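Below is one structure, written out as structure tokens; the observations come after it.
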Amino acid sequence: MSHDDFAVEPIEGLPERPPEGEQILWQGRPDTLALAREALNLNWIIGYFAILAAWRFISVVDLLPIGQAIGATLPVAILGLVVCGLLYAIALIQARATMYTITTSRIAMRIGAALTLTINLPYRELGNAALDLRKNGTGTIALDTTGQTKISYLVLWPHARPWRFGSTQPALRCIPDAENVARILADAAEARITTPQITRVAPGGAVAAE
């Protein structure tokens with residue numbers, strides 16, 4: 001479901017107020033540093049430039065005085081800092097533009113820094129949820145959709161399970177206190193799915209519960 005960038009959200013992260021009876025259980029956004037590390041490979045980039053700077057220093061230290069050798073290495077180190085700073089800035093923008101919402105009926109994902117979209121995932125259209133928990137408590141909850149729900153990986157990125165291009169899985173990426181959030185999600189989904197759905201039939205028929 002698309003969202004007008006110029007419309008005012010009645011509740012942050014939601015394009016309209018939840019229907020009567022639907023309650024918000026949790027809202028949150030990605031941790032910026034965790035998102036930079038996992039979605040933008042910040043640690044690998046740091047390692048790459050560290051190796052490049054070390055190689056540059058070692059290659060000139062026998063030919064130049066120590067001060068000049070350090071000076072010859074500085075441009076590589078500065079370039080590495082600039083690249084890492086840009087990656088962190090991208091992660092910060094993505095995190096600030098994102099709002100994940102768990103309600104008693106669905107998961108809503110307000111995503112997109114340039115083009116803002118709000119994606120609604122009712123629990124009855126989810127087959128499974130997988131938690132990838134990190135040591136610092138942050139984690140990613142990947143959602144396996146069922147039925148006709150198909151979402152482009154490029155539209156979702158970075159809010160998608162990595163390396164799942166064929167069957168794209170929306171994901172709550174790099175959220176703090178992920179274990180507790182996963183528990184809230186599991187309880188809400190179980191309660192929603194086990195609640196009978198009442199449908200109205202033609203006059204003279206019976207009321208059926210699914």
Side-chain angles (χ1 to χ4, degrees), residues 1-31 34-35 94-133 137-153 155-161 164 167-202 205-210:
M1 174 176 166
S2 62
H3 173 56
D4 184 355
D5 289 339
F6 299 99
V8 177
E9 295 176 330
I11 298 176
E12 186 179 10
L14 297 176
E16 56 188 15
R17 293 189 180 279
E20 185 178 354
E22 182 180 2
Q23 298 179 351
I24 295 175
L25 303 177
W26 174 86
Q27 285 191 304
R29 48 174 47 99
D31 178 85
L35 189 66
Q94 286 286 350
R96 291 287 179 87
T98 300
M99 179 60 71
Y100 303 133
T101 303
I102 296 176
T103 77
T104 50
S105 302
R106 57 180 163 145
I107 299 171
M109 301 170 62
R110 197 276 307 278
I111 61 175
L115 177 61
T116 303
L117 300 173
T118 301
I119 299 173
N120 288 303
L121 300 170
Y123 293 130
R124 293 182 182 277
E125 295 182 11
L126 299 179
N128 189 33
L131 171 62
D132 181 12
L133 187 64
T138 62
T140 293
I141 303 175
L143 307 168
D144 185 15
T145 58
T146 60
Q148 300 300 316
T149 304
K150 303 294 181 183
I151 307 173
S152 166
Y153 187 93
V155 169
L156 275 176
W157 188 90
H159 313 279
R161 187 173 184 175
R164 293 295 182 96
S167 55
T168 304
Q169 295 184 0
L172 311 184
R173 290 297 300 269
C174 307
I175 52 176
D177 197 18
E179 189 171 13
N180 182 53
V181 176
R183 188 177 300 111
I184 293 172
L185 171 58
D187 291 343
E190 183 178 3
R192 180 65 176 176
I193 292 172
T194 56
T195 300
Q197 298 298 298
I198 307 300
T199 58
R200 188 179 299 275
V201 298
V207 175
E210 295 180 356

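Please read these numbers as outputs of a predicted model, since none were measured by experiment. Only this structure's heavy atoms are used, side chains among them; waters, hydrogens and symmetry mates stay out.
When every heavy atom of Pro170 is checked against every heavy atom of Leu156, the shortest pair comes out as CA-CD1, 3.8 Å. Counting all heavy atoms, side chain and backbone alike, Gly112 lies closest to Ala97 at O-CB, 3.6 Å. Minimum heavy-atom separation, Val181 to Pro176: CG2-O, 4.0 Å. Residues Pro15 and Pro10 come closest through the heavy atom pair O-CD, 3.5 Å. In terms of heavy atoms, Ala160 sits closest to Ala171 at C-CB, 3.8 Å. Closest approach of Ala95 and Leu35 over heavy atoms only: N-CD2, 4.2 Å.
With Tyr100 as reference, His159 is the one residue of Arg110, Arg29, Arg173, His159 to meet the side chain to side chain donor-acceptor pair (under 3.5 Å) rule.
Checking side-chain atoms of Thr146 against main-chain N and O of Glu125 turns up a donor-acceptor pair under 3.5 Å. Between the side chain of Thr138 and the backbone N or O of Ile175 there is no donor-acceptor pair closer than 3.5 Å. Under the 3.5 Å distance criterion, the side-chain polar atoms of Gln169 are left unmatched by any main-chain donor or acceptor of Ala130. Side chain of Arg106 to main chain of Thr101: no donor-acceptor pair is present (N/O by atom type, distance under 3.5 Å, no hydrogens or angles). Thr104 places a side-chain N or O within donor-acceptor distance of the main-chain N or O of Gln23, the cut-off being under 3.5 Å.
For the atom pair CE of Met99 and OG1 of Thr116, the computed distance is 12.5 Å after rounding to the nearest 0.5 Å. With rounding to the nearest 0.5 Å, the separation of OG1 in Thr98 from CG in Leu172 is 10.5 Å. Within the model, atoms CD1 of Ile102 and CE of Met109 stand 10.5 Å from one another, a figure rounded to the nearest 0.5 Å. Between the OG1 atom in Thr168 and the CG atom in Asp144 there is a gap of 11.0 Å [rounded to 0.5 Å]. Leu185 CG to Thr103 OG1: the interatomic distance, rounded to the nearest 0.5 Å, is 10.5 Å. To the nearest 0.5 Å, atoms OH (Tyr123) and CG (Leu143) are separated by 9.5 Å.
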Next item on the list: Could you please spell out the steps behind the side chain to side chain contact (heavy atoms under 4.5 Å, CB included) verdict for Leu126 and Ile107?
Entry: CA-CA 10 Å; Leu126 299 179; Ile107 299 171; 3.9 Å; yes
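Shown here is Glu179, whose CD atom has no more than 12 heavy atoms of other residues, nucleotides or ligands within 6.0 Å.
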